[in-house]
Structures are given as structure tokens and as C-alpha cells.
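Residues take their numbers from the sequence shown, with the count starting at 1. Every number for a ligand or one of its atoms is a count from 1 in the order of the listing. Atoms considered below: every heavy atom in the structure, side chains included; atoms not considered: hydrogens, waters and symmetry mates.
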Amino acid sequence: MSLHETRKIKLHQPENFQFDSIPDSHAWDNLHDHPTVEPVGPDTIPVIDLCDPKLIEKIGKACEGWGVFLISNHGIELKLLNQLCSQMHRLFALPADVKLKVAKADSFDGGYGGDPFSRFLPKYTWSESFTVLDSPLEHAKILWPNDFSSFCDVMEEYKTAMNRLGRRLMHAMLLSLGVSEEEINDTPFGDFSKIKTVYSLNSYPPCPEADRVLGLPPHSDTGFVTFVYDNGVSGLQILRREDDNDPKRWVTVPVVPNTFVVNVGDLMQVLTNGRFHNMVHRAIIGKTYHRMSAAYFFSPELDVKVSPLSKLIDPGVGPLYKTMTWPELQTKRSLSYGHALDAFKIDSN
Ligand SMILES: O=C(O)CCC(=O)C(=O)O
Ligand SMILES: [Fe+2]
């Protein structure tokens with residue numbers, strides 16, 4: 001058993017991305033549980049221009065119908081996004097023994113590690129990630145003792161930009177459901193100053209047998225809303241619910257330059273009393289290109305209590321979820337993979 005298997009994270013030594021053939025430990029056998037389709041026709045994932053005069057209406061429709069959409073014209077400078085990609089590249093190019101100096105001890109920690117889900121599953125993922133809680137400073141000083149500030153400066157700018165964007169999106173989403181600005185300000189996160197900074201930088205190295213390995217297993221994110229920016233390599237897939245014409249299917253998210261993918265998380269489903277649905281997604285691996293992504297989890301401070309907004313509770317039905325904090329939800333997820341929200345459901349009978 002390696003050092004990391006004894007911890008509460010599951011991470012094979014990163015140099016092991018070099019295999020002559022894929023070992024059984026990394027070969028996932030249920031990757032084709034649902035058909036995979038391209039994002040065309042009825043499976044076209046909406047791209048929403050944030051300066052569109054019909055923004056609120058379009059966002060509401062995308063959240064209710066899809067739970068995922070892309071945003072363009074988001075106001076975040078391309079220069080910053082290019083710097084973010086360069087810093088991710090620099091981070092993951094570090095030797096394995098250096099990255100392991102900042103390894104997480106637990107999946108809720110910040111630092112370097114595997115993904116938080118596969119420790120419940122029998123296989124290893126083909127990915128590595130670096131999670132930042134508030135600030136990467138402490139870890140960056142260990143990774144680059146003589147040059148940590150360029151990484152930290154970019155991450156600080158990214159955090160500020162993402163928090164601003166997160167607030168803007170949350171307002172638009174709630175306004176689309178008829179919640180007024182005043183009512184939004186009355187929520188426990190009020191003006192959204194009670195927002196916790198959490199993001200993951202993810203690396204998915206290429207694999208010659210890409211269709212046997214998996215970057216991230218299917219999951220929904222636990223926060224309000226997640227913003228994903230990647231280095232222009234495709235790999236994110238979302239699980240579209242079955243409808244009248246088609247069964248459940250994996251839809252590949254298209255790469256559209258200078259856009260973010262936005263997906264609805266568990267806490268948004270709670271806040272909207274089920275009007276918006278969380279979105280199950282996974283990351284697959286490419287044969288040739290190394291994909292990297294930054295996933296920003298716009299989520300409440302750890303002590304903030306989240307419950308359905310009274311405006312969105314149907315008086316005849318009542319609230320669908322009990323009050324919860326984000327750590328309570330995450331703890332449930334760490335106990336029952338894929339069913340965290342069930343523990344908070346209010347039985348309507
Ligand atoms: O890399 C991606 O596209 C998705 C990342 C993700 O789902 C996550 O970090 O939770
Ligand atoms: Fe995710």
C-alpha cells in the first residue's frame with residue numbers, strides 16, 4: 001500500500017501516468033453506461049451572452065431546461081485567463097515529489113491530490129488536482145520557494161474576478177425565478193459577502209487508451225454554481241436526463257473560445273426548492289492532448305445556513321429540503337456518493 005492509500009484521499013503516484021498498458025486498477029468498465037452524443041440539434045448546450053438584453057430570461061430557461069450553459073462576454077480579461085492556464089501548466093509540470101510535498105491529508109483540505117470521489121469507487125482516476133481554499137500562498141511557498149508570487153498574484157486576480165462573476169450570475173438566476181433584488185439581499189448570504197473561496201485546478205494527461213480510463217467520475221458539485229474554464233481541450237460531459245424522445249445520454253460540452261461553462265450545483269437546487277436541478281457531469285480523457293481546467297465552486301461560507309427561499313416554496317407543497325450548511329452537505333456526500341441531497345429531503349407524505 002502506498003503512502004497515499006493510507007490517507008483519506010486516493011492518489012496514485014503521478015509518475016504512474018506512464019504505463020505500458022492500462023492496469024486493471026485504472027480501467028473503468030462502465031464508461032459506456034449511456035450513449036455519448038455531440039452537442040447538436042436538441043442537445044445543443046446554450047451559449048449565453050452576458051450582455052444580451054434578454055439575459056435573465058435566457059438564463060432562467062437554461063437553468064430549468066439544462067442545468068448547464070456556456071457564458072460569453074463575461075468581462076474577464078483573456079490575458080488573465082491565459083495566465084491562469086500558464087500557471088496550471090507550470091504547476092502540473094512540477095516533479096511528482098515536489099507536488100507531493102503539498103499533498104492533501106483529507107479530501108476536504110486544500111492542496112495537491114486525486115479527485116474527491118474515487119475513494120468511494122473501486123478504480124483510480126486519470127487525473128490530478130490542486131485545490132485552493134481561500135489562498136494558495138502557504139502551498140505555493142513550498143512548491144516554488146524562490147518564486148511563489150507569480151502564481152499567487154494570478155490566483156488572487158482570478159479569485160476576485162470569479163467572485164464578482166459568481167455574484168452576477170447568482171443574481172441573474174434568482175431574478176429569473178421572480179426573486180427580487182431586495183429578497184436576494186435578505187437571504188443569509190445577503191450581498192454575497194459570505195462567500196467561501198474554493199477552486200480546483202485539474203489536470204487530465206493524455207492516454208493512448210483513453211476510452212478505458214476516466215478523468216473524474218460522474219458527480220454533481222455541491223456548491224451553488226460552478227464555473228469551468230479549460231485550456232481549449234474538450235473532456236467535460238454532462239448527463240442529460242431522459243426525455244420523450246431520447247434516453248439518458250452523455251453530452252460532450254463543446255470548446256468555445258473565451259467562454260466559461262456554468263453548472264448548477266446541489267445548493268442551488270436547495271435554494272430554488274428544486275426549480276433548478278443540479279447537473280451530473282464527468283471528465284473523460286483524450287488520446288493526444290493534455291487537458292487542464294479550473295473549476296470555481298461559488299459556495300457559501302461554512303457557517304451559512306441554506307434552505308429553500310420562501311418565495312420559491314409552493315404553499316401547497318412546502319419546502320422540499322431541510323436547512324443545511326455546505327460542510328454538512330459535503331459530509332453527507334463523503335458518506336453516500338451520489339446521494340448527498342437525499343439525506344436532506346423532506347418527505348411530502
Ligand atoms: O474539468 C472539468 O471540466 C470538470 C471539473 C469538475 O467537475 C470538478 O472539479 O468538480
Ligand atoms: Fe464537478
Side-chain angles (χ1 to χ4, degrees), residues 9-11 36 39 45 66-71 81 84-85 88-89 91-92 104 107-121 125-133 136 155 158-159 162 166 196-207 210 213-240 250-257 259-269 277-286 289-299 326 329-330 333-334 337-338 340-341:
I9 58 164
K10 193 166 173 186
L11 171 70
T36 296
I45 299 176
W66 272 93
V68 67
F69 52 95
L70 276 70
I71 51 169
L81 297 171
L84 174 69
C85 288
M88 283 199 277
H89 195 270
L91 168 71
F92 291 114
K104 297 175 183 185
S107 53
F108 296 143
D109 289 345
Y112 178 71
D115 69 85
F117 322 107
S118 55
R119 73 187 175 98
F120 309 111
L121 302 169
T125 49
W126 197 267
S127 61
E128 43 180 347
S129 78
F130 179 77
T131 304
V132 177
L133 306 178
M155 295 306 146
Y158 167 67
K159 163 182 151 176
M162 296 313 294
K196 173 88 182 153
T197 295
V198 184
Y199 56 92
S200 272
L201 308 178
N202 302 304
S203 154
Y204 308 100
C207 174
V213 297
L214 187 59
L216 277 186
H219 66 281
S220 61
D221 296 338
T222 50
F224 288 131
V225 65
T226 305
F227 297 87
V228 178
Y229 188 82
D230 65 30
N231 63 340
V233 176
S234 92
L236 178 61
Q237 292 186 328
I238 55 122
L239 186 61
R240 187 113 208 245
W250 288 110
V251 182
T252 304
V253 176
V255 170
V256 181
T259 59
F260 284 86
V261 182
V262 182
N263 77 59
V264 171
D266 296 346
L267 284 184
M268 195 65 172
Q269 181 169 328
H277 230 275
N278 62 8
M279 171 45 70
V280 173
H281 51 282
R282 69 178 184 179
I284 58 164
I285 296 299
Y289 296 106
H290 190 157
R291 178 165 188 261
M292 290 180 212
S293 72
Y296 200 93
F297 307 106
F298 193 77
S299 314
W326 192 35
L329 179 64
Q330 283 182 307
R333 178 164 83 171
S334 69
Y337 171 74
L341 271 186

- prompt: Hey, which protein N/O/S atoms does the Fe ion (ligand 2) have under 2.8 Å?
  reply: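 Only H219 NE2, D221 OD1, H281 NE2 fall inside 2.8 Å of the Fe ion (ligand 2).
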field: Those residues that, when tested against Y158, pass side chain to side chain donor-acceptor pair (under 3.5 Å) (two or more places apart)
entry: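 In terms of side chain to side chain donor-acceptor pair (under 3.5 Å), with neighbours along the sequence ignored, Y158 is linked to no residue.
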Partner residues of R333 under the side chain to side chain donor-acceptor pair (under 3.5 Å) criterion, sequence neighbours left out: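 Side chain to side chain donor-acceptor pair (under 3.5 Å) check on R333 returns nothing, list empty.
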- request: Evaluate the ring planes of F298 and F224, with Trp represented by its six-membered ring, and classify them as parallel (under 30°), tilted (30 to 60°) or perpendicular (over 60°).
  value: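 Geometry flag for F224 against F298: tilted rings.
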- request: For T222 and D266, test the side chains for any donor-to-acceptor distance below 3.5 angstrom and give the result as yes or no.
  value: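 No.
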task: Please check if any side-chain donor atom of H290 sits under 3.5 Å from a side-chain acceptor atom of N231, or the reverse.
output: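 Not at all, the side chains of H290 and N231 share no donor-acceptor pair under 3.5 Å.
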Reported CE-to-CG distance for the pair M292 and L91, which is rounded to 0.5 angstrom: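 It is 8.5 Å, given to the nearest 0.5 Å.
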task: To the nearest 0.5 Å, tell me how far R291 CZ sits from D230 CG.
output: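 R291 CZ to D230 CG: 4.5 Å, rounded to 0.5 Å.
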message: Centroid separation under 6.0 Å, is that true for the rings of Y112 and F130?
response: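 Not under 6.0 Å, so no.
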query: Between the main-chain N or O of F297 and the side-chain N or O of S299, is there a donor-acceptor pair closer than 3.5 Å?
result: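 Judged by distance alone, yes, a pair lies under 3.5 Å.
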query: Can you list, by chain and residue number, every protein residue with a non-hydrogen atom closer than 4.0 Å to ligand 1?
result: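 Those residues closer than 4.0 Å to ligand 1 by some heavy atom are N202, Y204, L216, H219, D221, V228, L236, H281, R291, S293, A295, F297.
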